[in-house]
Amino acid sequence: IAGTVWIASDIHLGPNTPATAKAFHAFLDQACAQADALILCGDIFDAWIGDDFALTSPPPWLADTLARFQRVAEKIPLWLGRGNRDFLLSKTLTTHLGAQLLPDQVCLGTDAGEILLSHGDEYCVDDRNYQRFRRIVRCPAVQWLFLSLSLPLRERIANLARQRSKASNRYKSASIMDVTPSAIEQAFSSCDAVVMVHGHTHRPQVHHQNVGGRARSRYVLPDWDYDHGDTHRGGWLAIDATGLHFLPTQPKP
Ligand code: OKV
Ligand code: MN
């Protein structure tokens with residue numbers, strides 16, 4: 001992709017995130033005006049129980065965001081990727097929006113060189129419980145079964161899964177929730193890129209690591225949250241011929 005590419009991740013939109021949605025919508029307007037392409041690489045939504053929910057019975061907050069995606073996609077190329085929460089998001093939705101579905105891992109040719117882009121949860125291999133959950137829910141037969149259930153039943157299962165996950169995350173250490181260096185090494189050695197971009201771990205930073213005698217950098221995107229207490233987290237990466245640059249969102253009004 002040539003020109004200025006903006007990448008954001010982990011916005012975690014849901015029915016109870018109006019302030020985050022507002023900040024994100026302002027970001028979308030800014031992207032239309034200043035970027036040549038926009039990529040959202042996963043966990044745009046805090047939960048996703050099937051594209052049919054969004055297309056047949058979207059609550060107002062979701063209908064609003066989807067209409068905005070549609071308007072963005074009319075102006076600039078819009079790529080949506082799946083995260084560990086909205087992994088059921090599919091081509092049905094992106095096609096409806098005029099957007100494109102991003103592959104789980106993709107090597108982007110940018111003005112700043114080749115960049116390996118993904119959501120990032122696949123690198124958290126020390127979290128064995130999560131990886132087991134991931135293997136199960138990513139199985140096509142399991143997804144087919146889940147999607148054949150009624151929407152109210154899917155919603156109940158999703159609520160239950162979220163409750164259980166919240167309870168178990170309380171006991172997980174910080175290092176288990178971060179990426180495993182050997183998984184990063186493996187990803188880097190499978191492609192030519194010296195730069196990687198991902199989200200998921202909510203540790204916005206540039207990490208440096210030597211792989212195969214070459215210096216590599218890993219840019220981790222921040223998550224977004226304007227709805228819990230006084231927090232105002234958010235931001236994105238701008239990529240152009242001058243390199244990769246973190247840009248912050250505005251503080252709360
Ligand atoms: C997404 C996560 C809930 C993590 C369930 C099959 C199965 C899909 C699903 C249900 C849950 C997505 C779709 C959600 C991510 C959680 C809790 C933890 C760590 C099945 C296919 F197995 F039940 F048949 N789900 N939802 N979690 O609420 O969006 O990522 S979700
Ligand atoms: Mn995530």
Side-chain angles (χ1 to χ4, degrees), residues 7-17 20 24 39-55 57-59 61-62 65 80-90 92-93 102 104-105 117-174 176-180 183-184 196-205 218-225 233-237:
I7 308 184
S9 181
D10 298 276
I11 304 99
H12 296 287
L13 296 175
N16 304 311
T17 57
T20 308
F24 179 62
I39 301 176
L40 303 172
C41 63
D43 286 1
I44 304 161
F45 301 103
D46 195 50
W48 199 258
I49 57 170
D51 290 356
D52 53 339
F53 173 75
L55 297 179
S57 53
W61 70 268
L62 181 55
T65 293
L80 305 183
R82 302 165 164 134
N84 58 295
R85 310 209 61 100
D86 50 11
F87 60 86
L88 280 182
L89 200 148
S90 86
T92 310
L93 182 85
L102 197 71
D104 284 343
Q105 288 201 13
L117 178 67
S118 69
H119 180 61
D121 56 312
E122 66 269 57
Y123 306 129
C124 299
V125 293
D126 283 350
D127 192 342
R128 305 295 287 272
N129 279 326
Y130 168 66
Q131 292 298 334
R132 188 179 344 112
F133 171 83
R134 186 177 195 269
R135 256 198 317 278
I136 294 169
V137 297
R138 290 215 162 209
C139 172
V142 172
Q143 292 193 357
W144 178 85
L145 201 72
F146 181 78
L147 291 171
S148 68
L149 303 173
S150 71
L151 280 169
L153 185 51
R154 275 184 262 167
E155 239 165 325
R156 280 178 56 188
I157 293 172
N159 286 337
L160 209 72
R162 286 207 298 281
Q163 259 177 35
R164 290 196 44 173
S165 152
K166 240 186 222 160
S168 76
N169 275 352
R170 252 179 249 144
Y171 304 106
K172 282 185 191 170
S173 68
I176 274 186
M177 307 263 277
D178 202 355
V179 301
T180 304
I184 301 294
M196 186 187 297
V197 171
H198 68 78
H200 184 65
T201 61
H202 306 178
R203 295 166 202 228
Q205 216 175 323
R218 183 166 62 87
Y219 288 72
V220 181
L221 293 158
D223 66 318
W224 294 53
D225 186 4
R233 289 199 311 277
W236 63 94
L237 266 176

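Both counts, for ligands and for their atoms, begin at 1 and track the order of listing. Computation of the quantities below employed the complete heavy-atom set of this structure, encompassing side-chain atoms and omitting hydrogens, waters and symmetry-equivalent molecules.
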Seminar exercise, completed: ang(OD2 D43, the Mn ion (ligand 2), NE2 H119) rounded to 10° is 100°
Problem set entry | Check: D126 side chain, T180 main-chain N or O, donor-acceptor pair, under 3.5 Å | no
Exercise. Taking atom types as modelled, is there a side-chain donor on N159 or R156 under 3.5 Å from an acceptor on the other?
Worked result: no
Exercise. Under 3.5 Å, is there a donor-acceptor pair between the side chain of Q205 and the main chain of Y219?
Worked result: no
For this session: Compute whether any side-chain donor of one residue and acceptor of the other, for H119 and N84, lie under 3.5 angstrom apart.
Result: yes
Pairs under 3.5 angstrom, nitrogen or oxygen on both sides, ligand 1 versus protein: list them out, please.
from	atom 1	to	atom 2	distance (Å)
ligand 1	28 (O)	R162	NH1	3.0
ligand 1	29 (O)	W48	N	3.0
ligand 1	29 (O)	R85	O	3.4
ligand 1	30 (O)	N84	O	3.3
ligand 1	30 (O)	N84	ND2	2.9

For this session: Check H200 and report its N/O/S atom nearest to the Mn ion (ligand 2), by atom name.
Result: ND1
Problem set entry | Flag, side chain of D223 to backbone of D10, donor-acceptor distance under 3.5 Å | no
Exercise. Does E155 use its side chain to pair, donor to acceptor, with the backbone of L153 at less than 3.5 Å?
Worked result: no
Exercise. Are the side chain of R218 and the backbone of M196 linked by a donor-acceptor contact shorter than 3.5 Å?
Worked result: no
For this session: Please state whether the separation between the Mn ion (ligand 2) and some N/O/S atom of D223 is under 2.8 Å?
Result: no
Exercise. Is there an N/O/S atom in N84 at a distance below 2.8 Å from the Mn ion (ligand 2)?
Worked result: yes
Exercise. Would you call R85 and D46 a salt bridge, taking side-chain N to carboxylate O under 4.0 Å as the test?
Worked result: yes
